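Everything numeric here is computed off the predicted structure, so don't read it as measured data.
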Amino acid sequence: MLFQNNKLTVRELTKEDNYLLAKWLSDPAVLQFYDGRDNPFDLEKVNEKFYPLQDNVVRCIIAFDNIEIGYIQYSLLNVNTRKKYGYLNDNNVIYGIDQFIGET
């Protein structure tokens, strides 16, 4: 477990979560805010996108009251991404985050 505050928890993604991600990312109500309603994810697509062999992204499942409700990921921004967002001379550690609510 990475984080817990009362009923809210954040834990690292496991391989078994691929079915949960496929469920959420094939729901048109979720996809309208994620990757477009006409772009659903099946297990193969989930495995390709969320389970790469190596990268610096920390992928997590969010639960509320022990019910998985969403996804969050974070990673340290590389030099190119920092430049893209205007952090040219910033020596601070900067992370990027992405998240979505899976339960409608």
Side-chain angles (χ1 to χ4, degrees):
M1 178 127 12
L2 295 176
F3 173 83
Q4 182 170 6
N5 186 351
N6 296 319
K7 294 181 178 187
L8 184 70
T9 59
V10 178
R11 64 169 174 78
E12 286 198 51
L13 188 71
T14 66
K15 184 63 177 163
E16 294 77 25
D17 293 321
N18 65 349
Y19 289 96
L20 188 58
L21 291 170
K23 172 191 158 204
W24 291 337
L25 294 174
S26 60
D27 182 334
V30 174
L31 286 175
Q32 89 178 9
F33 299 102
Y34 184 76
D35 216 15
R37 286 186 239 183
D38 59 344
N39 197 15
F41 283 59
D42 57 15
L43 278 176
E44 182 179 344
K45 190 171 179 179
V46 164
N47 290 334
E48 287 174 9
K49 180 166 177 114
F50 292 92
Y51 297 94
L53 295 177
Q54 34 182 307
D55 63 15
N56 67 343
V57 178
V58 179
R59 295 169 174 82
C60 304
I61 293 292
I62 304 164
F64 184 78
D65 203 14
N66 295 317
I67 299 169
E68 285 93 359
I69 61 166
Y71 173 85
I72 189 167
Q73 69 181 30
Y74 63 93
S75 62
L76 188 61
L77 295 184
N78 63 32
V79 174
N80 291 336
T81 305
R82 290 169 70 109
K83 286 179 183 176
K84 178 180 175 181
Y85 291 108
Y87 296 104
L88 302 174
N89 298 315
D90 195 327
N91 292 325
N92 292 315
V93 175
I94 301 173
Y95 284 84
I97 63 168
D98 298 295
Q99 69 278 324
F100 66 84
I101 299 171
E103 290 299 318
T104 56

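Applying the salt bridge (charged side-chain N to carboxylate O under 4.0 Å, His left out) definition to pairs two or more places apart or across chains, those involving residues 66-89 are Arg11-Glu68.
More than 12 heavy-atom neighbours from other residues, nucleotides or ligands sit within 6.0 angstrom of CZ on Phe3. The 12-atom threshold is not exceeded at CD1 of Ile101, counting heavy atoms of other residues, nucleotides or ligands nearer than 6.0 Å.
The cluster map of Ile, Leu, Val, Met, Phe, Trp and Tyr, joined by side-chain heavy atoms under 4.5 Å apart, puts Leu2 and Leu13 in different clusters. Using a 4.5 Å cut-off between side-chain heavy atoms of Ile, Leu, Val, Met, Phe, Trp and Tyr, with links allowed through other members, Ile67 and Ile61 fall into different hydrophobic clusters. Tracing side-chain contacts under 4.5 Å through hydrophobic residues (I, L, V, M, F, W, Y), one never reaches Leu21 starting from Leu43; they form parts of separate clusters. Under the 4.5 Å side-chain contact rule for hydrophobic residues, Phe100 and Tyr51 share a cluster. Both Tyr71 and Leu25 sit in one connected hydrophobic cluster of ILVMFWY residues. Membership requires side-chain heavy atoms under 4.5 Å apart, directly or through other members.
Contact between Asn6 and Gln4 at its shortest, heavy atoms only, is O-NE2, 3.6 Å. Residues Val30 and Gly102 approach most closely at CG2-O, 3.3 Å, considering heavy atoms. Nearest heavy-atom pair across Thr104 and Ala29 is CG2-CB, 3.6 Å. The shortest non-hydrogen separation linking Ile94 to Leu76 is O-CD1, 3.5 Å. Pairing each heavy atom of Thr14 with each of Asp17, the nearest pair is N-OD2, 2.8 Å. Closest heavy-atom contact between Pro40 and Ser26: CB-CA, 4.0 Å.
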Item checked: Derivation of the side-chain hydrogen bond (donor to acceptor under 3.5 Å, both in side chains) call for Asn66 and Lys7 -> CA-CA 7 Å; Asn66 295 317; Lys7 294 181 178 187; over 6 Å; no
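Here Ile72 contributes atom CD1 and Ile97 contributes atom CD1; the two are 5.0 Å apart, rounded to the nearest 0.5 Å. From Asn56, atom CG reaches atom CD of Gln73 across 10.0 Å, with rounding to the nearest 0.5 Å.
Leu31 places none of its side-chain heavy atoms less than 4.5 Å from the side chain of Asn39. Residues Pro52 and Arg59 have side chains in contact (heavy-atom distance under 4.5 Å, counting atoms from C-beta outward).
Ring planes of Phe50 and Phe41: tilted class, angle from 30 to 60°.
Remark: the backbone N or O of Trp24 is not paired with any side-chain donor or acceptor of Asp27 at under 3.5 angstrom.
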